[in-house]
Amino acid sequence: MAAQKPSVPKGTRDFSPLEMVKRNFIFDTIKDVFKRYGYLPIETPSMENLSTLLGKYGDEGDKLLFKILNSGDYLEKVNNNLKDIDSNKLALQICEKGLRYDLTVPFARYVVQHLNEITFPFKRYQVQPVWRADRPQKGRYREFYQCDVDVIGSNSLLNEVELIQIIDQVFQSLKVNVVIKMNNRKILAGIAEVIGEPDKIIDITIAIDKLEKIGKKGVYDELIGRGLSSGSISEIDPILELKGDNFDKLSSLKKILRNSEIGLKGIDELETILNYFETIDINTELELDLTLARGLNYYTGAIIEVKALEVEIGSICGGGRYDDLTGVFGLKDVSGVGVSFGADRIYDVMEQLDSFPKEIVSSTKVLFVNFGENEEKYCLPLLKILRDNGVNSEIYPDSAKMNKQMTYANNKNIPFVILVGENEMQKGVLTVKNMVSGEQFEMKFDELLQKLK
RNA sequence: GUGGAUGUAGCUCAGUAGGUUAGAGCAUCAGAUUGUGGUUCUGAGGGCCGUGGGUUCGAGCCCCAUCUUCCACCCCA
């Protein structure tokens, strides 16, 4: 039998130890921040009932769902002739489950299903993989991890403020420079209302989302292609021309949207959030960006997106407020807001910037060079004392050439190398080499211990 | 899903109009240096040239299919 070539499905990856150490660094950092703000962990299954997922992410999202074939004779109940049936309809008959597409919709399902165990406002975090049948590209995978934080059951804009603080803290800890972009779905609705095309809000937002990429002319062409009249398009013009800082933009916008109640509400929300940050210090730039649309059609208020400043990779974190996601599962009038960190893209950014801390690969502080059996016996008790005092230390396992042992220490970024040979044993000292400066000194073991512990 | 590229050593890439044993740099290992890494010099190992068909006396190179990765669109973490 010919050996089959081993491979994994398109857009999925294995993670080797070095990668896992770095990935875990990201996960641990993010989870630490989540916990610091009082969020609690949950997990949900990899697969959901297809009915839970369908229709929550728009038409495009439905296409990207991985569907799971029913077990057993799944064609038994299909009446129609296979050739006459449309494949989408067939899928519904033979697949009753699908892989989750994000963590927000399963969370909404979870909340409704576990209502009686939950006290509101419920703050949860969830770090799990999601799957999308998208065509892979750089930073775009078919299986990737999301790290979600959400608050559900509270309308307060303080939650938005808290999420922005969390974003700021996470990327500060990971040493990634980012900009946080904000918008509000109500403003987009207001714009659609003011130009007299309230039903076209999705088309309008998708078009103006592309402003940076295709320019104003491109946006106009896109809007005409999406069935808007040139008269209504001209109404959008001042919105695309907004200048100044965040508050300048908001005050211009107030004039443009003065006749739209919902638009003014959105402006007010953004203003409230921004005002909080007049009193709290954050390091990350907060930018009001009216071209920020976000595809997910369940957002109703704030929209947040985070982009890395030094690396071109799309958004590495995004989210917003959804007023009625639990509605479809039978729980009305419960508002939630949350953001999702894209761990895999953050990994790619950090890899490109080389911003993983060196010490996560090896935490060894001290390496004893191995000179032979007598020296080993002399060093082992010293190693034990160091370890008992919390100093991560090791001895090279073979009495190999110095060159090899030093190279080992160098490659593992071990800061101190201890040389104990016949001379040192006789004199009762250690030769300690600082691998960063290259200097070396003789010292007593107790001095070393005091220095390192 | 639509359109377009890509695949040669662990990594980054050469490979000339199809022509003998497929190259370089970095990395690895060994030696120069028997107690000194990160700099230097010398040498060595390592390739089903993505996979499967085809054309040809002969294919890394040409043709077809397929997979992967990547780019644009769509959309998005």
Side-chain angles (χ1 to χ4, degrees), chain A residues 2-13 16 18 26 30 57-65 87-88 101-104 127-148 202 205-207 209-210 213-214 218 222 225 292-297 304-308 312-319 338-349 367-372 375 396 399-425 431-440:
Chain A
Q4 73 180 58
K5 194 183 172 187
S7 65
V8 296
K10 186 204 290 266
T12 68
R13 299 151 301 156
S16 296
L18 180 60
I26 294 175
I30 290 175
Y57 309 107
D59 293 342
E60 207 57 44
D62 284 353
K63 286 183 201 156
L64 298 179
L65 286 172
S87 43
N88 282 326
Y101 178 92
D102 72 356
L103 302 178
T104 308
V127 176
Q128 289 190 274
V130 303
W131 293 269
R132 295 182 189 178
D134 210 349
R135 183 173 289 204
Q137 281 182 36
K138 194 183 204 73
R140 174 179 294 200
Y141 305 101
R142 287 185 150 183
E143 176 182 63
F144 60 95
Y145 274 71
Q146 291 194 326
C147 313
D148 274 37
I202 303 266
T205 55
I206 288 174
D209 184 44
K210 295 179 187 169
K213 197 185 265 180
I214 60 180
E222 175 97 17
L292 177 60
R294 309 237 69 233
L296 293 179
N297 54 11
I304 298 169
E305 180 169 299
V306 180
K307 298 197 85 170
E312 189 55 53
I313 198 169
S315 68
I316 54 178
C317 175
V339 293
S340 176
F341 293 79
D344 303 78
R345 282 188 179 175
I346 293 172
Y347 180 98
D348 291 343
V349 168
L367 175 79
F368 280 75
V369 170
N370 189 324
F371 284 111
E375 287 85 349
Y396 197 88
S399 130
K401 288 207 164 67
M402 268 292 257
N403 194 314
K404 192 168 169 73
Q405 300 195 43
M406 295 300 282
T407 304
Y408 175 85
N410 199 54
N411 290 345
K412 277 187 88 168
N413 289 306
I414 297 171
F416 297 101
V417 169
I418 313 291
L419 299 100
V420 187
E422 274 181 46
N423 294 342
E424 285 86 354
M425 287 195 295
T431 296
V432 179
K433 173 154 181 155
N434 180 324
M435 293 295 280
V436 179
S437 66
E439 297 169 320
Q440 64 185 50

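Throughout, a chain's letter reflects where its sequence line sits, starting with A, and its residues are numbered from 1. Model, not experiment: these values are computed from the prediction.
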Donor-acceptor pair present, Q137(A) side chain and rU69(B) base, under 3.5 Å
no

Hey, are the side chains of M435(A) and N413(A) touching, using non-hydrogen atoms and a 4.5 Å cut-off?
no

What is the nucleic acid contact for Q405(A), judged by heavy atoms within less than 4.0 Å: base, sugar-phosphate only, or nothing?
nothing

If you look at every heavy atom in L367(A) and Q405(A), which pair is closest and at what distance?
CD2-O, 3.9 Å

Taking only the side-chain nitrogens and oxygens of N403(A), find out if one of them lies under 4.0 Å from OP1 or OP2 of rU36(B).
no

Counting distance alone, no hydrogens or angles: does the base of rC75(B) have a donor or acceptor under 3.5 Å from a partner atom on the side chain of R140(A)?
yes

Has the side chain of R345(A) got a donor or acceptor atom sitting under 3.5 Å from an opposite partner on the base of rC76(B)?
yes

Contact class for G11(A) (heavy atom, under 4.0 Å): base, sugar-phosphate, or nothing?
sugar-phosphate

Using a 4.0 Å heavy-atom cut-off across all strands, classify Y145(A) as base, sugar-phosphate, or nothing.
nothing

Test for a donor-acceptor pair under 3.5 Å between the base of rU36(B) and the side chain of K433(A), counting only N and O atoms.
yes

Respond yes when some side-chain nitrogen or oxygen of K210(A) is under 4.0 Å from OP1 or OP2 of rC75(B), and no when none is.
yes

When only distance counts, do a donor and an acceptor, one from the side chain of N410(A) and one from the base of rG37(B), lie under 3.5 Å apart?
yes

Do R135(A) and K10(A) come within less than 4.5 Å of each other through their side chains, counting heavy atoms only?
no

At 4.0 Å (heavy atoms only), tell me whether E422(A) reaches a base, stays on the sugar-phosphate, or touches nothing.
base

With both distances under 3.5 Å as the test, what is the Watson-Crick or G-U wobble partner of rA5(B)?
rU69(B)

Remember a base hit wins even if backbone is also touched, and classify G438(A) as base, sugar-phosphate or nothing at under 4.0 Å, heavy atoms.
base

What nucleic acid atoms does V8(A) come within less than 4.0 Å of, heavy atoms only: base, sugar-phosphate, or nothing?
nothing

Which part of the nucleic acid, if any, lies within contact of G139(A), taking any heavy atom under 4.0 Å across all strands shown: a base, the sugar-phosphate backbone alone, or nothing?
base

Distance-only donor-acceptor test (3.5 Å): side chain E424(A), base rG35(B):
yes

Counting any heavy atom closer than 4.0 Å, what does I346(A) reach on the DNA or RNA strands: base, sugar-phosphate only, or nothing?
nothing

Looking at rC74(B), I'd like to know if its phosphate oxygens (OP1 or OP2) sit under 4.0 Å from a side-chain N or O belonging to K63(A).
no

Could you tell me how the ring of Y57(A) sits relative to the ring of Y101(A): parallel (under 30°), tilted (30 to 60°) or perpendicular (over 60°)?
tilted

Of T431(A) and G342(A), the one whose closest nucleotide on RNA chain B sits nearer the 5' end is T431(A)

Pick base, sugar-phosphate or nothing for L419(A), based on heavy-atom distances below 4.0 Å to the nucleic acid.
base

When the nearest nucleotide of RNA chain B is assigned to G314(A) and to M435(A) on a heavy-atom basis, which residue is associated with the more 5' position?
M435(A)

Under-3.5 Å donor-acceptor pair between R135(A) side chain and rU2(B) base
yes

